[in-house]
Amino acid sequence: METGIAQKVLAGDVLAASRLMRGLEDEDANAIEQLKTLYPHTGKAYIVGVTGSPGAGKSSIIGCLIGIFRRRGLKVGVVAIDPTSPFTHGAILGDRIRMQQYNIDNDVFIRSLATRGWSGGLSKATISTIHVMDAMGKDIILVETVGAGQAEVDIVRVADTAIVVLTPGMGDEIQMMKAGIMEIADIFVVNKADIAGAEELKEELKVMISMKPHLPGQWQPSVALTEAVCDRGTEELATEILKHKEFLGTSGDMTEKRRARAKLELIDAIESSLMNYIYRNIDKGDYLEGLIEDLTRRATDPYSAAQRIITQLSQQLEPGYDAVTNSSGKPADRNK
Ligand SMILES: Nc1nc2c(ncn2[C@@H]2O[C@H](COP(=O)(O)OP(=O)(O)O)[C@@H](O)[C@H]2O)c(=O)[nH]1
Ligand SMILES: [Mg+2]
């Protein structure tokens with residue numbers, strides 16, 4: 001990747017941004033350097049997490065919100081996390097079709113990310129993508145996830161506004177409560193208002209919210225009713241998102257959210273740097289595989305195995321070694 005790409009991104013260059021995002025997904029050393037340059041220019045965009053079961057209507061809602069926010073003069077970014085599950089293959093194709101009409105608009109940037117690698121990789125790639133969109137000057141960034149794994153829950157947790165989309169009659173509510181995602185919703189959306197049971201679900205949610213202890217000065221989650229295929233109730237949803245944004249600004253909670261995001265990002269960076277180092281420099285000759293064998297045979301336990309890796313790590317780590325980019329005296333494929 002060429003240098004100076006960061007400058008192009010800051011100028012709003014869409015192709016440069018796409019290239020940088022791809023580079024960051026591949027953990028390209030130069031892409032990470034470019035992100036370092038961009039970092040001081042980020043932190044301005046408002047992040048909205050949209051989560052819910054596959055088929056709940058997240059993409060349809062986001063499609064509506066794109067239009068609404070554009071009409072309100074905001075530049076919009078969308079990060080869609082595509083689960084690799086075959087069940088949602090059709091939905092992924094659908095997402096493209098539903099959102100496609102906006103791709104021509106220069107002020108809307110849509111990027112799909114695939115879930116891959118160990119769980120830490122997902123939130124890292126998502127946050128990197130958000131940073132690039134932020135640096136491009138996007139005002140609002142909508143992040144779609146199915147909220148299935150811990151990494152996805154983390155992403156929604158660190159969004160400025162967390163939206164949980166439910167639909168009537170799917171047993172969604174129970175699944176969501178299991179996933180612990182109910183706890184993090186700032187706004188509940190009951191989508192598919194045209195289907196029987198939508199009003200009832202809305203009332204159920206309101207009761208559930210009112211039963212939770214509510215401290216003064218705390219945001220009380222709201223419930224929006226939408227029919228995304230017809231763009232109904234979505235204008236009110238957009239207004240509610242901006243109301244929450246204003247609330248965060250005046251209550252000081254925005255600072256808290258930004259801190260939580262910075263913390264997640266730091267921990268992700270540390271975790272992936274360490275794992276990179278271990279994979280590249282300690283895992284020579286199936287070292288990890290051997291440990292897994294030992295564990296399976298109960299010849300060791302995970303704690304002692306981890307301790308052995310840490311001991312090796314502390315003996316090997318050279319001063320000046322950059323585990324993030326794997327650059328220094330040690331070439332990446334030294335042991336291959
Ligand atoms: N009846 C009805 N169908 C909807 C509504 N919103 C979305 N859908 C449909 O539900 C399906 C899944 O929508 P999609 O936005 O892809 O859901 P996602 O998987 O959560 O992103 C699609 O066939 C949509 O047309 C709605 O309000 N009412
Ligand atoms: Mg979708």
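Read the numbers this way: they start at 1 and go in the same order the structure lists the ligands and their atoms. Start at 1 with the first residue, then count along the sequence.
Atom numbering of ligand 1 starts at 1 in the shown order; those under 4.0 Å from a heavy atom of K58 are 15 (O), 17 (O), 18 (P), 19 (O), 20 (O), 21 (O). The distance from ligand 1 to the heavy atoms of P54 drops below 4.0 Å at these ligand atoms: 19 (O). Near A228, with a cut-off below 4.0 Å to any heavy atom, the atoms of ligand 1 are 6 (N), 26 (C), 27 (O). Annotation for ligand 1: atoms under 4.0 Å from non-hydrogen atoms of E227 are 27 (O).
A salt bridge does not link E236 to K243: none of the charged side-chain nitrogens sits closer than 4.0 Å to a carboxylate oxygen. We find that R261 and D160 are joined by a salt bridge, their nearest charged nitrogen and carboxylate oxygen being less than 4.0 Å apart. Look at R70 and D139 and you find no salt bridge, because none of the NZ, NE, NH1 or NH2 atoms lies under 4.0 Å from a carboxylate O.
Ligand 1 lies within reach of E144, whose nearest heavy atom is under 4.0 Å from it.
Following chains of ILVMFWY side-chain contacts shorter than 4.5 Å, one can reach I270 starting from L313, so the two form part of one hydrophobic cluster.
Taking only non-hydrogen atoms, the option from G52, S60, C230, C64 nearest to atom 7 (C) of ligand 1 is S60.
The ring-ring contact (aromatic ring centres under 6.0 Å, His included) analysis of residues 218-257, with sequence neighbours excluded, yields the pairs W219-H244, W219-F247.
Not one N or O on the side chain of T226 forms a donor-acceptor pair closer than 3.5 Å with the backbone of A228. Looking at D301, its side chain does come within 3.5 Å of a backbone N or O of Y303 through a donor-acceptor pair.
Of all the heavy atoms of D194, the ones lying under 4.0 Å from any atom of ligand 1 belong exclusively to the side chain. In S53, the part holding a heavy atom less than 4.0 Å from any atom of ligand 1 is the backbone.
Nearest to the Mg ion (ligand 2), among the N, O or S atoms that E144 has, is OE2.
At under 3.5 Å, not a single nitrogen or oxygen of A193, backbone or side chain, sits near a nitrogen or oxygen of ligand 1. Residue I195 has no N or O atom closer than 3.5 Å to an N or O atom of ligand 1. Looking at T226 next to ligand 1, no N or O pair under 3.5 Å apart turns up.
Considering only residues two or more places apart in sequence or on other chains, R308 meets the side chain to side chain donor-acceptor pair (under 3.5 Å) condition with none of them.
Under 2.8 Å from the Mg ion (ligand 2) lies an N/O/S atom of S59, whether from backbone or side chain.
Taking all atoms of both residues into account, the shortest heavy-atom contact from D231 to C64 is OD1-CB, 3.1 Å.
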